[in-house]
Every structure is written in C-alpha cells, then in structure tokens.
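Structure first, then comments.
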Number of protein chains: 2
Amino acid sequence: MKNMLKKHKSSCLKTTTARKDSSKQILMAAENIFAERGYRGSTISAIADAVGLPKANILYYFKTKEKLYKEVIKHLLTLWMQHMNEMTPEIHPRDALPKYIMNKVRQSQKHPNASRIFAAEVLHGAKYLRQSLQAELREQFEGTSIVFRAWQNKGWIDPINPEHLIFMLWSSTQAYADHELQISILMGKEQLEEDDFSEGIKLITQVILKGIGVK
Amino acid sequence: MKNMLKKHKSSCLKTTTARKDSSKQILMAAENIFAERGYRGSTISAIADAVGLPKANILYYFKTKEKLYKEVIKHLLTLWMQHMNEMTPEIHPRDALPKYIMNKVRQSQKHPNASRIFAAEVLHGAKYLRQSLQAELREQFEGTSIVFRAWQNKGWIDPINPEHLIFMLWSSTQAYADHELQISILMGKEQLEEDDFSEGIKLITQVILKGIGVK
DNA sequence: GTCTATAAGCTGATAGAC
DNA sequence: GTCTATCAGCTTATAGAC
C-alpha cells in the first residue's frame with residue numbers, strides 16, 4: 001500500500017489508455033483526499049500516491065498545497081451552485097422547487113466530495129472561499145432571494161423569510177452528502193442506497209411545498 | 001501572542017479566582033481549538049497556550065491527543081442529544097416540535113463549538129464517534145422515530161417518513177451553528193445577530209409544522 | 001504534580017540530475 | 001518535464017529534574 005508502482009519513466013509518449021493531462025488527474029485525486037481527510041489531514045504524499053506520481057510532480061503543477069486546494073474549491077463551487085439558476089420568477093414553485101430539491105440531492109449522491117469539501121470549508125471559517133468566491137456565492141444567494149420574493153408577491157407561496165428558506169433548502173438537501181455516514185450508521189447500513197435518496201427527496205419536497213403553502 | 005505568561009509555579013495552592021481543576025480547563029480550551037481548526041489542525045501547543053500551561057501537562061492529564069479528543073466528543077454528544085428526549089408520544093407535536101426546534105437552534109447559538117465539532121466528526125467519517133457512541137446515538141434516533149410514528153397513528157401529523165424527518169430537523173437547525181460563517185457572509189454581517197436566530201426558528205417551525213400537517 | 005529538554009517521525013517545499 | 005534526494009520546520013510524545 002505504501003510503495004506504489006512507479007509508472008512510465010521517459011519511455012512513454014502515448015500509453016495504452018488515453019493519457020489524460022497529469023494536472024487533471026491530480027485535481028481529481030486531490031478532491032477525494034481532501035474530502036476524506038480535510039485540508040490539514042491531507043498530505044501531498046497521499047495525493048501523489050493516489051495518482052501514482054512522486055510528490056515533487058504535484059508541486060511542479062501546483063506551486064503549493066494551498067494553491068492546489070484553491071483550484072479544487074473553485075471547481076466545486078460551480079457544481080454546488082449550478083441548479084439554483086434554474087429557479088426563476090416566472091416558473092411556478094410547484095414545478096421549480098421539486099426540481100431543485102431533486103437535482104440538489106442527486107448531486108449530493110453523485111458528487112459527495114463536492115458537498116463535503118464545501119461543508120468542511122464553511123465549517124472551519126470559509127478561509128479560502130471568502131478570498132476568491134464570496135462575491136459569486138453572494139450574488140447567487142441574492143438572486144434566489146429575489147425569486148422567492150417574486151413568488152410571494154404573486155401569491156404563489158406564503159409570506160416567509162426568503163433568506164432563511166434558502167438556508168433550510170441548502171442544509172436539508174446537502175445533509176445527504178455531508179452526513180451520509182451519520183445517516184447510514186443510524187439506518188444500519190454500510191452506505192446509503194437509492195431508496196434512501198428518493199425517500200429523502202420525497203420528504204423534503206412534501207414538507208417544503210406544503211410548508212410554504214404551494215397549491 | 002506566542003509566549004504566554006507562565007502562571008503560578010509552586011507558589012499557589014489557592015489563587016484569587018476559584019481554581020478550577022486543570023483537567024476541566026483543558027477540556028474547555030480543547031473544545032474551542034478543535035472546533036476552530038479541526039482535529040488535525042489543532043496542536044497540543046495551541047491548547048496548552050490557551051490554558052497557560054506547558055504542553056507536557058496536557059499529556060499528563062490526557063495520555064494522548066486522541067484520548068483528549070474523545071473526551072471532548074463524549075461531552076458534546078450529550079449536549080447535542082439532550083433536547084430530543086423531551087418529545088414523547090403523549091405531547092402534541094404542535095407543542096413538542098416548536099419547543100425542540102427552538103431549543104436546538106438556541107443551543108447552536110450558545111454552544112456553536114459543540115455542533116461544529118460534531119459536524120466535522122461526521123463529515124470526516126465519524127471515526128471516533130462510531131467507536132464509542134454509535135449505540136447511544138442510534139438509540140436516541142430510534143426512540144424519536146417511534147414518537148413520530150405514534151403521532152402519525154393518532155392522526156396528529158401526516159403520513160411521512162419519520163427517519164427522514166429527523167434528518168431534516170437536525171440539518172436545518174444545526175445549520176445555524178455549522179454554517180454560521182457562511183450565513184453571516186451571505187447576510188453581509190460580521191456575525192449572526194439575535195434576530196437571525198429568531199427568524200430562523202420562526203421559519204423552520206412554520207414550514208415544518210404546516211409541512212407535516214399539524215393543526 | 002509541574003515543568004524543561006529532547007527524541008523520533010512526518011510535512012511541505014526545494015535543488016539539481018536526467 | 002520528470003524524478004531522487006534532502007532540508008528545515010513542526011508535531012506528538014517521553015525522560016527526567018525539581
């Protein structure tokens with residue numbers, strides 16, 4: 001487990017499997033390691049081993065560990081926010097909200113690392129997030145608040161606090177990635193199954209829609 | 001900031017302020033450091049400095065860093081679960097749920113560290129939690145599921161999935177501690193104010209009660 | 001019980017051969 | 001561009017004086 005197979009020295013320009021750019025492979029491996037162990041718990045060696053490269057190569061592509069981490073975060077935030085734009089003032093919440101909730105939970109299912117790294121970052125002060133991406137996140141947040149307010153004005157939903165509704169949506173959907181382990185322990189399973197995700201989607205949709213008075 | 005004042009050598013048996021047991025002081029300091037920096041990011045030196053003691057003393061009281069962490073976790077889980085017991089099959093959800101939601105958010109407000117350490121632990125695989133406390137957590141979880149099922153049978157709430165409702169309650173209330181920083185950034189504040197907590201309580205209560213059909 | 005000094009090991013990062 | 005070797009610094013934990 002410690003000494004990995006050292007692949008191709010200088011003798012490879014086109015290996016059998018389509019050779020992806022090392023940079024991309026490193027990013028993918030880093031995403032996994034960071035998600036599992038957190039920033040400080042992750043070591044450059046571990047990432048190097050996962051890709052099958054020497055440590056020095058990682059630092060050749062990404063000058064420092066911190067810069068590598070920022071690159072990972074940047075990519076993940078895009079994923080994390082992508083479905084929010086699909087809610088607009090024109091679309092009725094009875095259509096828009098179930099779709100958003102489904103997409104968000106499904107994303108937690110498919111890309112749990114994205115959600116986990118993001119959650120860990122927030123949990124420990126959003127240090128890197130704040131520097132570079134605060135603006136984009138906030139813009140998204142305010143855009144969605146405006147959508148919810150528009151729905152209220154049209155009488156499509158009850159008068160509720162739009163900002164806090166966003167928090168409730170985020171936290172309840174994201175839980176299926178962040179707390180997957182907690183949930184699976186409590187449900188007595190090794191890991192969450194398809195049914196658990198679809199049950200979660202069903203419950204959240206049911207409670208939110210009825211709870212804010214969508215007819 | 002680095003060299004702290006070295007207090008009392010051998011010349012103190014009863015100092016001015018009531019001298020708490022070092023052990024307790026260490027636990028409190030450790031709670032803060034672990035919450036801010038995570039397990040791996042926290043160093044024994046940092047904890048020692050926070051209490052004003054040399055590193056060796058921390059390891060005198062708690063044999064290893066890991067054992068100290070486990071002690072902290074153990075204490076926090078008690079806090080984290082304490083309000084769930086107050087929901088029983090006899091009490092109507094219109095009284096029990098608002099009270100639980102309020103207590104849970106208020107606890108996030110008063111003891112954000114408890115929630116944060118707990119969340120970080122879960123996020124990174126619940127390694128320590130699983131070893132020692134899985135049983136207690138699960139017992140609590142199953143107890144509450146039974147309560148929700150009883151409410152359903154009495155027709156007090158809609159037929160919903162009790163387990164997933166618990167997740168929704170946990171995640172939406174805990175967000176006010178876990179994501180305090182995210183929330184305050186998005187709301188354009190340095191930190192959350194009293195109004196934000198009470199608005200959050202109001203919204204969650206409103207949406208959950210109406211959402212599961214409590215009359 | 002409390003402290004100083006130090007061991008033993010791992011980490012991020014660099015230098016320099018190929 | 002890719003790799004090996006190594007440095008300098010920090011970490012947990014221990015040994016042993018007081």
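Because the structure is a prediction, the values reported are computed rather than measured. Just so we're on the same page: letters track the sequence lines, and every chain starts at 1.
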Take atom [atom1] of [X] and atom [atom2] of [N], then tell me their distance rounded to the nearest Å.
X	N	atom1	atom2	value
Ile26(A)	dG1(D)	CD1	P	12 Å
Ile47(A)	dT11(C)	CD1	C1'	12 Å
Lys63(A)	dT14(C)	NZ	P	6 Å
Tyr69(A)	dG12(C)	OH	P	14 Å
Leu68(B)	dT11(D)	CG	P	16 Å
Lys65(B)	dT14(D)	NZ	C1'	17 Å
Leu59(B)	dA15(D)	CG	C1'	13 Å
Phe62(A)	dA13(C)	CZ	P	14 Å

Indicate, with a heavy-atom threshold strictly under 4.0 Å, whether Tyr61(A) touches base, sugar-phosphate, or nothing.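 Sugar-phosphate, backbone atoms only, no base.
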Tell me what Ile44(B) touches on the nucleic acid: a base, only sugar-phosphate, or nothing, going by heavy atoms under 4.0 Å.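 Sugar-phosphate, no base atom in range.
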Nearest nucleotide by nearest heavy atom, which residue falls closer to the 5' end of DNA chain C, Ser45(A) or Tyr60(B)?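 The answer here is Tyr60(B).
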Any idea how Tyr176(B) and Phe197(B) line up, ring-wise: parallel (<30°), tilted (30 to 60°), or perpendicular (>60°)?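 It falls in the tilted class, 30° to 60°.
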For Glu190(B), I'd like to know if atom CD has over 12 heavy atoms of other residues, nucleotides or ligands within 6.0 Å.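 Result for CD/Glu190(B): open.
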Counting side-chain heavy atoms from CB outward, which of dT4(C), dA15(C), dT12(D) is closest to Ala56(B)?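 Comparing dT4(C), dA15(C), dT12(D) against the side chain of Ala56(B), the answer is dT4(C).
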Ignoring the backbone of Lys55(A), work out which of dT2(C), dT11(D), dT6(D) is nearest its side chain.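 Looking only at side-chain atoms, Lys55(A) lies closest to dT6(D).
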When you check the phosphate oxygens OP1 and OP2 of dT2(D), does a side-chain N or O of Asn57(A) lie under 4.0 Å from one of them?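 Answer no for this pair, as no side-chain N or O of Asn57(A) is under 4.0 Å from OP1 or OP2.
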Hey, are Glu136(A) and Lys74(A) close enough for a salt bridge, meaning a charged N less than 4.0 Å from a carboxylate O?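 Answer for the salt bridge query: no.
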Name of the residue among Lys67(A), Lys65(A), Glu66(A) meeting side-chain contact (heavy atoms from CB on, under 4.5 Å) with Lys63(A):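 Of all the options given, the one that passes is Lys67(A).
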Chi angles and distances behind the side chain to side chain contact (heavy atoms under 4.5 Å, CB included) call for Phe34(B), Ile73(B): CA-CA 10 Å; Phe34(B) 282 134; Ile73(B) 285 276; over 6 Å; no
